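The model shown is predicted, which means the values in this text are computed figures rather than measured ones. Convention: sequence-line order gives letters A, B, ...; per-chain numbering from 1.
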Number of protein chains: 2
Amino acid sequence: MADIARMAGVSISTVSRALAGSPLIPDATREMISEIARANGYVVNPFARGLRLKRTQTIGVVIPLGHETRQLISDPFFLEMLGHLADEITLRGYEILLSKIAPPKPGWLETVIQSQRTDGLVIIGQSDQHEALVSASENYEPMVVWGAHLPGQTYCAVGVDNEAGGYLATRHLVDRGRRHIAFLGDAELPEIKQRHQGYLRACREFGLNYDPRLDARSEFTAETAAQASERLVMSGVEMDAIFAASDVIALAAINALKHHGKSVPDDVAVVGFDDSTIAAHTNPPLTTIRQDLQKAAKLLIENLFQRLDGNLTPGDTMAPELVIRQSS
Amino acid sequence: MADIARMAGVSISTVSRALAGSPLIPDATREMISEIARANGYVVNPFARGLRLKRTQTIGVVIPLGHETRQLISDPFFLEMLGHLADEITLRGYEILLSKIAPPKPGWLETVIQSQRTDGLVIIGQSDQHEALVSASENYEPMVVWGAHLPGQTYCAVGVDNEAGGYLATRHLVDRGRRHIAFLGDAELPEIKQRHQGYLRACREFGLNYDPRLDARSEFTAETAAQASERLVMSGVEMDAIFAASDVIALAAINALKHHGKSVPDDVAVVGFDDSTIAAHTNPPLTTIRQDLQKAAKLLIENLFQRLDGNLTPGDTMAPELVIRQSS
DNA sequence: CTGAAAGCGCTAACAA
DNA sequence: TTGTTAGCGCTTTCAG
């Protein structure tokens with residue numbers, strides 16, 4: 001910037017003001033200075049600027065992976081979400097700092113916040129970090145979380161109504177005449193737990209006999225989905241449907257079922273959750289509960305920018321939607 | 001940092017050195033200072049640090065979308081690649097700054113470089129920006145590009161041998177007894193152009209009559225894939241196979257064919273390119289040319305860090321691999 | 001309208 | 001082993 005000032009024959013302050021579009025500088029001067037800057041490939045150094053302004057024009061997108069560490073960042077759910085977030089953030093002229101935290105250590109969130117690399121944070125998924133989020137949110141406002149609304153929650157969350165989604169999926173299977181519906185998913189995660197509660201409510205409401213052997217909700221990762229469904233098939237438990245807590249799990253289940261000579265949906269119907277791009281292309285195409293990730297990203301970023309302006313938004317809950325395909 | 005120094009009863013420099021792990025500081029002092037920092041939730045400000053050190057511990061991942069602007073960042077190819085890159089970069093203790101450039105304006109790359117936000121750059125895809133990459137690479141070394149190796153190329157590229165891939169796909173279709181093979185893809189993009197050249201070579205080599213009506217290689221975006229294949233079907237040209245330049249295009253083609261009562265692969269065989277996660281789950285599962293994106297990400301980052309150390313690596317070419325499924 | 005100067009939080013000579 | 005001090009490149013009072 002000093003160079004530009006010298007070339008333009010003005011002071012550094014004038015260059016700074018001109019390039020920042022200050023109204024103090026006459027158009028002619030500004031043009032002249034901008035032209036010199038352009039010709040010399042000069043771009044304001046955002047670090048120095050950020051240091052001075054304490055603003056970075058950067059939004060942090062962080063993906064905490066707790067005890068589900070093996071769920072890669074490459075999981076289609078994260079990636080679809082990330083794509084939409086990127087579009088929304090870029091649209092507003094901010095940069096994106098992407099972090100994957102695996103596994104989260106105590107104080108990780110405070111470290112991210114204190115480092116002041118970003119003006120705001122969007123956390124994709126609560127993982128098992130609800131406590132950390134609660135405590136960080138007490139004195140850090142520009143943060144939004146994709147996930148479940150939990151009792152006593154102090155942070156801003158955007159998410160689908162998971163309980164309703166679980167209920168919807170299960171009711172649909174009952175409508176299809178199924179009575180022995182298995183659940184597959186890790187209920188340690190808040191969102192999955194709520195889906196599970198919806199499943200239980202539907203089971204109760206429609207008078208299904210609750211069989212704990214059908215309820216595979218602990219020690220679960222996407223990778224073990226195939227094994228879990230195989231175990232179900234081999235165990236000989238009566239089972240005519242599976243509600244999987246995600247499309248990835250559903251896909252694994254379908255493959256395991258086919259592998260053991262069970263036809264989908266004739267022998268066992270399968271319903272997933274997410275409606276990620278793979279859902280429409282499985283064989284058979286997967287009935288699932290849709291989460292509109294584009295809308296989700298929009299809501300997350302809208303909430304975040306409201307908060308950047310000092311409005312403490314409470315977050316949003318989206319309605320889940322049953323998408324019926326051929327797996328049920 | 002001044003606060004911590006005061007609390008510890010030492011100077012700022014001592015704190016700085018202690019926290020940076022300088023060997024000048026005795027362990028006892030370091031422990032004491034670290035403890036105070038931790039207790040007060042103090043984290044070194046990476047901006048100030050970067051300003052001083054002219055290093056950011058950040059790698060920029062940029063996705064230029066040229067005339068194929070409509071190809072969203074949400075395209076599975078980008079997202080899978082991004083996931084693997086994120087893993088590799090995080091592993092090395094660097095942060096990731098994600099940028100989508102759509103559309104690239106003259107000088108965009110210089111701006112990104114001059115802003116000095118990142119220590120190095122990985123560019124995902126050449127798009128139509130070969131010239132820009134060449135000229136930027138003349139005085140900026142820590143940059144690697146995913147894409148084709150082009151004649152007279154001065155920048156470091158990692159990519160699959162696209163020509164060989166195109167040849168492989170086409171030969172496979174010939175092996176399956178097909179003689180009227182259409183090409184679907186935008187040959188404006190260097191990588192696609194090379195795939196097209198492989199296609200042409202195979203056509204020549206196996207004595208297929210070249211029919212320009214089967215050669216849909218201009219004005220192409222993923223979204224128009226369905227229309228293009230419909231046009232092919234409706235035109236009544238004799239066609240018993242399609243080589244699509246990407247899995248997304250292949251998927252669109254399959255849907256269009258089915259929609260018009262053509263069976264895949266009986267009436268028309270289809271081969272894609274990428275082997276993205278959807279490929280295994282289309283109906284029928286898609287025969288395709290695999291690009292190992294995990295390996296690709298590894299190679300890209302290895303090249304980048306070599307270059308960060310001053311070794312001007314030339315890049316790598318990966319062998320494509322034919323993955324035979326049921327669409328051919 | 002423009003410039004001089006202070007300072008954002010940090011690191012690294014240089015001095016002690 | 002530790003402290004003093006001079007910047008890194010920018011913005012912004014404050015004083016012309």
Side-chain angles (χ1 to χ4, degrees), chain A residues 1-38 40-58 93 95 97 110-119, chain B residues 1-38 40-58 93 95 97 110-119:
Chain A
M1 187 175 260
D3 293 346
I4 304 298
R6 205 173 313 114
M7 299 170 105
V10 296
S11 74
I12 294 183
S13 337
T14 302
V15 175
S16 170
R17 284 192 267 252
L19 262 27
S22 154
L24 292 176
I25 305 290
D27 283 354
T29 316
R30 189 202 326 293
E31 299 272 284
M32 184 264 281
I33 293 176
S34 307
E35 187 43 52
I36 295 180
R38 195 173 319 122
N40 291 72
Y42 171 78
V43 177
V44 173
N45 180 325
F47 275 106
R49 184 162 213 273
L51 185 57
R52 186 63 231 245
L53 259 30
K54 291 166 174 307
R55 276 196 300 107
T56 62
Q57 287 284 321
T58 302
E95 304 282 334
L97 194 74
E110 281 71 18
T111 304
V112 170
I113 292 170
Q114 291 301 330
S115 81
Q116 303 170 66
R117 249 185 235 269
T118 57
D119 294 342
Chain B
M1 186 174 258
D3 293 346
I4 304 297
R6 206 173 312 116
M7 299 170 104
V10 295
S11 75
I12 294 183
S13 347
T14 304
V15 175
S16 170
R17 285 193 266 253
L19 263 25
S22 153
L24 292 175
I25 304 290
D27 284 353
T29 316
R30 186 198 334 289
E31 299 272 283
M32 185 264 280
I33 293 176
S34 308
E35 187 42 53
I36 293 180
R38 195 171 321 121
N40 290 72
Y42 171 79
V43 177
V44 173
N45 181 325
F47 275 106
R49 184 164 212 272
L51 185 58
R52 188 61 233 247
L53 257 33
K54 292 166 174 304
R55 277 197 297 107
T56 63
Q57 287 285 319
T58 302
E95 304 282 335
L97 195 74
E110 280 71 18
T111 303
V112 170
I113 292 170
Q114 290 302 331
S115 81
Q116 302 170 68
R117 247 185 236 268
T118 56
D119 294 341

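- A donor-acceptor contact closer than 3.5 angstrom links the side chains of B/Thr14 and B/Ser11.
- Going from atom CZ of B/Arg49 over to atom C1' of D/dC8 covers 14 Å, rounded to whole Å.
- In this structure, B/Leu24 reaches the bases: a heavy-atom distance under 4.0 Å links it to at least one base atom across the strands shown.
- In terms of position along DNA chain D, the nucleotide closest to B/Pro26 lies nearer the 5' end than the nucleotide closest to the other residue of the pair B/Ala48 and B/Pro26.
- Applying the 4.0 Å criterion to OP1 and OP2 of C/dT11, one finds that B/Ser16 has a side-chain N or O inside that range.
- For the pair A/Ile4 CD1 and D/dT11 C1', the interatomic distance rounds to 17 Å; values are reported in whole Å.
- Here D/dG7 presents its P atom at 18 Å from CG of A/Asn45, a figure rounded to the nearest Å.
- Rounding to whole angstrom units, CG of residue B/Leu19 and P of C/dG9 are separated by 16 Å.
- OP1 or OP2 of D/dG9 has at least one side-chain nitrogen or oxygen of B/Lys54 nearer than 4.0 Å.
- Without hydrogens or angle criteria, A/Ser34 side chain to A/Arg30 main chain gives a donor-acceptor distance under 3.5 Å.
- Within the structure, every side-chain polar atom (N or O) of B/Ser11 is placed at least 4.0 Å from both OP1 and OP2 of D/dT2.
- Distances were taken from every side-chain heavy atom of A/Ser13 (C-beta onward) to each of C/dG3, C/dC1, D/dT11; the shortest belongs to C/dG3.
- With hydrogens and angles left out, the side chain of B/Arg17 and the base of D/dG3 share a donor-acceptor pair within 3.5 Å.
- Counting non-hydrogen atoms under 4.0 angstrom, B/Leu51 reaches a base of the nucleic acid.
- Between D/dG3 and B/Thr14, a contact under 4.0 Å exists linking OP1 or OP2 to a side-chain N or O.
- The terminal axes of the helix from C/dC1-D/dG16 to C/dA16-D/dT1, fitted over 5 pairs per end, subtend an angle of 40° to the nearest 10°.
- Atom CE of B/Met7 sits in a sparse spot, with 12 or fewer heavy atoms from other residues, nucleotides or ligands closer than 6.0 Å.
- For A/Asn45 (side chain) and A/Phe47 (main-chain N/O), a donor-acceptor pair under 3.5 Å exists by modelled atom type.
- Distance CD1 (A/Ile12) to P (C/dG7): 17 Å, rounded to an integer number of Å.
- For A/Arg52, whose side chain is taken as the heavy atoms from C-beta onward, the closest listed nucleotide among C/dC10, D/dG3, C/dG7 is C/dG7.
- Side-chain N or O atoms of B/Asp119 include one that pairs as donor or acceptor with a backbone N or O of B/Thr56 at under 3.5 Å.
- For the pair A/Gln57 and A/Glu95, the minimum side-chain heavy-atom distance is 4.5 Å or more.
- Rounded to an integer number of Å, the gap from B/Met32 CE to D/dT1 C1' is 13 Å.
- Rounding to whole angstrom units, CD1 of residue A/Ile25 and P of D/dT12 are separated by 13 Å.
- Once rounded to the nearest 0.5 Å, the distance linking CD1 of A/Ile36 with OH of A/Tyr42 reads 13.0 Å.
- Looking at A/Glu31, its side chain never comes within 3.5 Å of a backbone N or O of A/Thr29 through a donor-acceptor pair.
- Whole-Å rounding puts the A/Arg6 CZ to C/dG3 C1' distance at 16 Å.
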